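Reading through the structure tokens given below for one structure.
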Amino acid sequence: MSASSLGYNEQGGEATELGQEAAPTTAPSAPAAFGLFSSDTKKSEDLKEMLESSKDSAKLDAMKRIVGMIAKGKNASELFPAVVKNVASKNIEIKKLVYVYLMRYAEEQQDVALLSISTFQRALKDPNQLIRASALRVLSSIRVPIIVPIMMLAIKEASADLSPYVRKNAAHAIQKLYSLDPEQKEMLIEVIEKLLKDKSTLVAGSVVMAFEEVCPDRIDLIHKNYRKLCNLLVDVEEWGQVVIIHMLTRYARTQFVSPWKEGDVLEEFNEKDFYETDEEQKEKDQKVKKPYAMDPDHRLLIRNTKPLLQSRNAAVVMAVAQLYWHLAPKSEAGIVSKSLVRLLRSNREVQYIVLQNIATMSIQRKGMFEPYLKSFYVRSTDPTMIKTSKLEILTNLANEANISTLLREFQTYVKSQDKQFAAATIQAIGRCATNISEVTDTCLNGLVCLLSNRDEIVVAESVVVIKKLLQTQPAHHSEIIKHMGKLLDTITVPVARASILWLIGEYCERVPKIAPDVLRKMAQSFTSEDDLVKLQILNLGAKLYLTNSKQTKLLTQYILNLGKYDQSYDIRDRTRFIRQLIVPNEKSGALSKYAKKIFLAQKPAPLLESPFKDRDRFQLGTLSHTLNTKATGYLELSNWPEEAPDPSVRNVEVIELGKEQLVTLGKVKKEKSTEKFYSESEEEESASTTDTESESTSESEKEKNGKEESSSMENTESSSSEELSESESDSKESTAKKRFKTIEESDSDNMEKKKKVISKKNKSFDSSDAESSSTEETSSDSKSESDSESDTESKKPKIAAATKRKEMAVQEKKAPTKQEVSLLDLDDFNPVSTPVAVPTPAILSPSLVADLEGLSVSKSSVIDVSTPVFVPMKTHELLHRMSGKGLAAHYHFSRQPCIYGDQMVSVQVTLTNTTDQKLENIHIGEKKLPTGMKMHVFNPIEFLEPEESITVSMGIDFCDSTQTASFQLCTKEDHFSVNIQPPVGELLLPVTMAEKDFKTEQGMLTGMNETSATITVAPQNSTRLVILEKVVKAANLGLVPSGQDNIHRFAAKTVHSGSLMLVTVELKEGSTAQLIINTEKTVIGSILLRELKPVLSQG
Amino acid sequence: MIHSLFLINSSGDIFLEKHWKSVVSRSVCDYFFEAQERATEAENVPPVIPTPHHYLLSVYRHKIFFVAVIQTEVPPLFVIEFLHRVVDTFQDYFGVCSEVVIKDNVVVVYEVLEEMLDNGFPLATESNILKELIKPPTILRTVVNTITGSTNVGDQLPTGQLSVVPWRRTGVKYTNNEAYFDVIEEIDAIIDKSGSTITAEIQGVIDACVKLTGMPDLTLSFMNPRLLDDVSFHPCVRFKRWESERILSFIPPDGNFRLLSYHVSAQNLVAIPVYVKHNISFRDSSSLGRFEITVGPKQTMGKTVEGVMVTSQMPKGVLNMSLTPSQGMHTFDPVTKLLSWDVGKINPQKLPSLKGTMSLQAGASKPDENPTINLQFKIQQLAISGLKVNRLDMYGEKYKPFKGIKYMTKAGKFQVRT
């Protein structure tokens, strides 16, 4: 670089680019050679000088040193003025480091920090989104109260920025401003409300975070965005997912009724006892009569979070697990256990948290984790905290069936070198013994064996546990008590000694010989005992005094005397109390009579409970749950509401839309229309997804949907004349169609009820199908999804396409929607509407198609109906506008399987009104069909505005013949006879099959089933692509992969009878070709042959 | 969310601090040190420590504690997972993650941390994006930068940040287009005293190194995808495609990444490729104990078991051991009581063994537990679960990439109780 210092900045820019280019080729290796820490000795004076130098390199060096100081926690605040001067530096790295410095020290040096503000304000207007975003980031990170208004303004502006990245930063800035000045809350909520409506997945996580921080109680803001959030969830970045899931969990608990009631009880009647908790019992007592039906929105949330269980991020998996735990019907919550167990392979810290949560879960629902029992076996290399958590879970999971294996496992643990863990194991054995009565004796025997263990901690723990166990059934175990009495000579752990003494005192009547002797020994050692033990000695003395005063009176008095002068308050207190109670004197009144009852009352046996018992009061996966105390800022999970709040709050858009339409009829602004379009399509998306869930939703609900649908349909019809509603009605129609499909799929009993609804809907199919061929690519794309979804998705682009033609103005806005839809269906793409180079679905889809083809090849023996190869649409005239008195009609073959019947060919009819008057009641009148032929007509069209056109679809069963279907097209006043004659190529549906299968099929269709012809092929027609294009254009055939370059194979089946139609084009030398058609339907075969011949031979 | 981050080395020095909100005094770490002291071992320091005003969440990796300070309720896994991601990023940037390296690259570390969190909420954690924002230091770039004064900081928003494939850099170019996939399976097992398997599971991962030009769209299919019981994916994998067809379809990130991790459940029978014959006995009266172990191959599908390493934590009472191995090297540390034996390859004809005596503390009673033996081994070209990749196809780009798939089986947490 031969640059003078003046021209340096520009040069620097170039160099940056150079550096970027070099980036991918070089691998990260040894650390940079800068010895930054050696510079600590330099005086800050030096640094100041460097910062004021005119060279960027010196400045950069200085900044790096300063950042080094900050990192080490050294105070660099005195350099503030010198650093701030460089905030406007052109060198981006210096600038960034200055930002780092500013964020650290601005709070301390507010006055000087203000100097930098104007730089940021300028940068907020920069055309580069990265610079805008980082300016906002730094500006909002400078915690200087004076600039609150500036920040507010900047946030407001940024929240409307075109770049989603800037909007994301705006969402972050909201939280910063809120913590700086909570007064701004109301204003900030407005911004949050606005950003919540944002469609970008980039923004969603951040704005929900802001929502949680600023106004977590304003769930009313969520209603309208609920379905959108559910649907976007999969595409949001992982950190956002965690936040959104936690928020939605809280939301759902306030909005839906509990799924843990009847509906569930019915399903899992057998498991009921198993899962039931007190809480549920209560719930059941106040039984509601009507059967439980899950709100479709509730279902939507549960379903859309499920794929996230497969996330690589442990926090996401945990978040979904807790969502299922708190929201899903109990029968479904089980699916999370597998994923949680998977997390146990992760790092120590992750294991720790996950195990804690599993421990809480396993107390309430053992069944969930029982199959994974062995995954919780302890390894000697686990850290102690992991070991104890695992042990806890194993204990929770113990039952009659697995207890013997578990006890064997516990035996190994008891011998562990980690004594803390061994002690915990003994506790666990004790718990198993009390919980499972079958093994109580076995456990007790085992524990008694441990009393002879060499390790004192083990012995002591055993004593404590045995004490608890004996309390439950003391009668049979005087031997054990005697044995333990002997242990007093050797054991030194105070808790254990105290336990033994208590035991002997409590059951002194069963061991009358030993008890006084023990007391004697203890009297000797009283002064050297631990306080805990001393108290028990006093207790023992008192009890013996009451039962066996002859032998122990003096001893007890001696002990009481010792206690009187003890150093500890507690012991002196206790001594005084006991003396007054048991030793009769004048003052002691009525109380001493009852001394025996007081001391030797039956004491309830202690319950050995899991330490995780009470953790379920906290939401799983939270910090509070881990700590078992309420952390600052913990948001309670509310109980399910008795009655679900109005579910319609979430679909406000639809209803409002209807109203607004009526009001604003005819003069809707474009802006509004786009907004509507978006919300509408979303709405519909969620609706459709809920609908397709037919197995889990109850019938009654479906019915409800049907009704809703019909009402919304009416809505549409009423205003279908005007531009805005055009697009809306379209999308609704597609919804209708989807619903229709679902209904069709559902059982036939239901059909009766729905007929009305369906008939209403039928007429709306037309337009959505009109452009189907143009969107072939997208639809084949979505083939990889499940049926219902591909159905949903493929339709939407069509709508967009259809509307595009009519509504040029809205077109621009629609394009992103179209993209959003098709991308969503690829599942892992985010909808983005920025002018960034994104791979369009068009790039991806061919690969997917090819991919799919490859797939069906590998499955060889299957012959499937495939999606037709894309060909330009060919329209035929049905009715000329002159002969139709202004009504023009065209038809084309959509080449899609017909929805009205398997044997029908679907025909799209486009009706156009070329008059200047409304045409009313367009319908199909009298049909003149050859025998056997059937026709499914379109629903009457109530009216068609002037210059409007509408596309409807109908189905005709041509019986695999080229006979003409004649019928009358009627309007209110007139009727016109029209007819449709199908080209033979349209009577087919393409199929895919492997080459091998093709050959076998062909082998069976020889002889009279084969027709062939030799043709001369035009030279330009001899390439593969051209042949493919020409043949497919002429007939709806599917391509069959071919091993030879000169042979091209196509396959299809006839629509009516489903017989195979195999076409082979074999190119010979000298521009001739052999055209062979094999089919059972020889008539069609020969017609097809006749039609194909010219296609290939002509130029 | 995350207020501050402190990096603490094993000797208890805070060598880096970073604050995203107002500054939290480093004295807050005193609570951490207290807990550390109580825990005796670094492994046992609780990951969540409450203090009066803050909560300290920490992870321990590469002998460094990463302590995050938070003030309000937040899912603890959120913070822990993020901290692990920070460590991974450092490792990705500098090759290793150690105190020295972090100190040497403090500026880059600071810049990276600045990009990873905004106001304590994760901003960019995808390494492909970070590397576009801040270039990892290399010797070449350092030299170039010192001469030309250019920087490591990119001035354009990485397009990936906004695109539909946020994990992939744009404009990737390679002269050699290659895609390598390593199928690595680890066997976690506990083997009984008698040699029977108590529990065995297979944990597998597919690590990929993809260096392909442009925007390739890959599909990877398996011969036997049903084997995979539970899977977790890199975000690039199209989940629905997997659900419906059991095919991995994805646009890969550039460079190294973990495509998939999976789990083959304990319910399936797991082939255990090695066995250990052991005879370890202490006697009450004598101060000498017998020690003898032999390692042999079991179900190895004809492959060689290599890289065998036996470690065992001996009881406290063992003073020293005098052992002779038939092959390999062995060491015994009398302080930590850790015995390790580097066996190497197992030759089925001549099984490796380690024999000898242990000298015990005189007078002390015999230890009540025999030591557990931990085993490590490697088997190349074998996925023990039987998982096989069927084919890898690329769409969306014209060139023909070089493809490679490698299989390996390793011991995970493989323990033999004696």
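Labels below follow one simple rule: chain letters A, B, ... track the order of the sequence lines, proteins then strands, and each chain is numbered from 1. The structure presented is a predicted model; accordingly, all values stated were derived computationally and were not measured.
In this structure, the side chains of B/Arg85 and A/Asn313 come closer than 4.5 Å at one or more pairs of heavy atoms.
Neither the backbone nor the side chain of A/Gln619 comes within contact range of chain B; no heavy atoms are under 4.5 Å apart. Contact of A/Val458 with chain B is not made at all, since no heavy-atom distance falls under 4.5 Å. Looking at B/Tyr60, both its backbone and its side chain come within 4.5 Å of chain A, counting heavy atoms on both sides. Heavy atoms of A/Thr405 lying under 4.5 Å from chain B are absent altogether. With a threshold of 4.5 angstrom between heavy atoms, B/Tyr110 approaches chain A through side-chain atoms but not through N, CA, C or O. Only the side chain of A/Thr626 comes within contact range of chain B, judged by heavy atoms closer than 4.5 Å. Heavy atoms closer than 4.5 Å to chain B are found in both the backbone and the side chain of A/Arg104. The contact between A/Arg379 and chain B is made by backbone and side chain atoms together, counting heavy-atom distances below 4.5 Å. In this structure, chain B has heavy atoms under 4.5 Å from both the backbone and the side chain of A/Ser339. For A/Ile70, the parts lying near chain B are the backbone and the side chain together; criterion is any non-hydrogen pair under 4.5 Å.
A salt bridge links A/Lys96 with B/Glu115; the closest basic N to acidic carboxylate O contact falls under 4.0 Å. Salt bridge absent: B/Glu17 and A/Lys72 never bring a charged side-chain N and a carboxylate O closer than 4.0 Å. Between A/Arg312 and B/Glu126 there is a salt bridge, since a side-chain N of the basic residue sits under 4.0 Å from a carboxylate O of the acidic one. Using a cut-off of 4.0 Å between Lys/Arg side-chain N and Asp/Glu carboxylate O, A/Glu107 and B/Lys21 are scored as not salt-bridged. Between B/Asp118 and A/Lys176 there is a salt bridge, since a side-chain N of the basic residue sits under 4.0 Å from a carboxylate O of the acidic one.
The side-chain hydrogen bond (donor to acceptor under 3.5 Å, both in side chains) test with A/Ser380 is passed by exactly one of B/Lys413, B/Arg417, B/Gln415: B/Gln415.
Between the side chains of B/Glu201 and A/Ser375, at least one donor-acceptor pair of N or O atoms lies under 3.5 Å.
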Output, in order, the C-alpha distance, side-chain angles, deciding distance and verdict of side chain to side chain donor-acceptor pair (under 3.5 Å) for B/Glu73 and A/Ser624.
CA-CA 7 Å; B/Glu73 169 69 49; A/Ser624 305; 2.5 Å; yes
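The heavy-atom pair separating B/Val45 from A/Met385 by the smallest distance is O-CE, 3.7 Å.
Most heavy-atom pairs under 4.5 Å with chain A: of the set B/Thr72, B/Asn44, B/Leu16, this distinction falls to B/Asn44.
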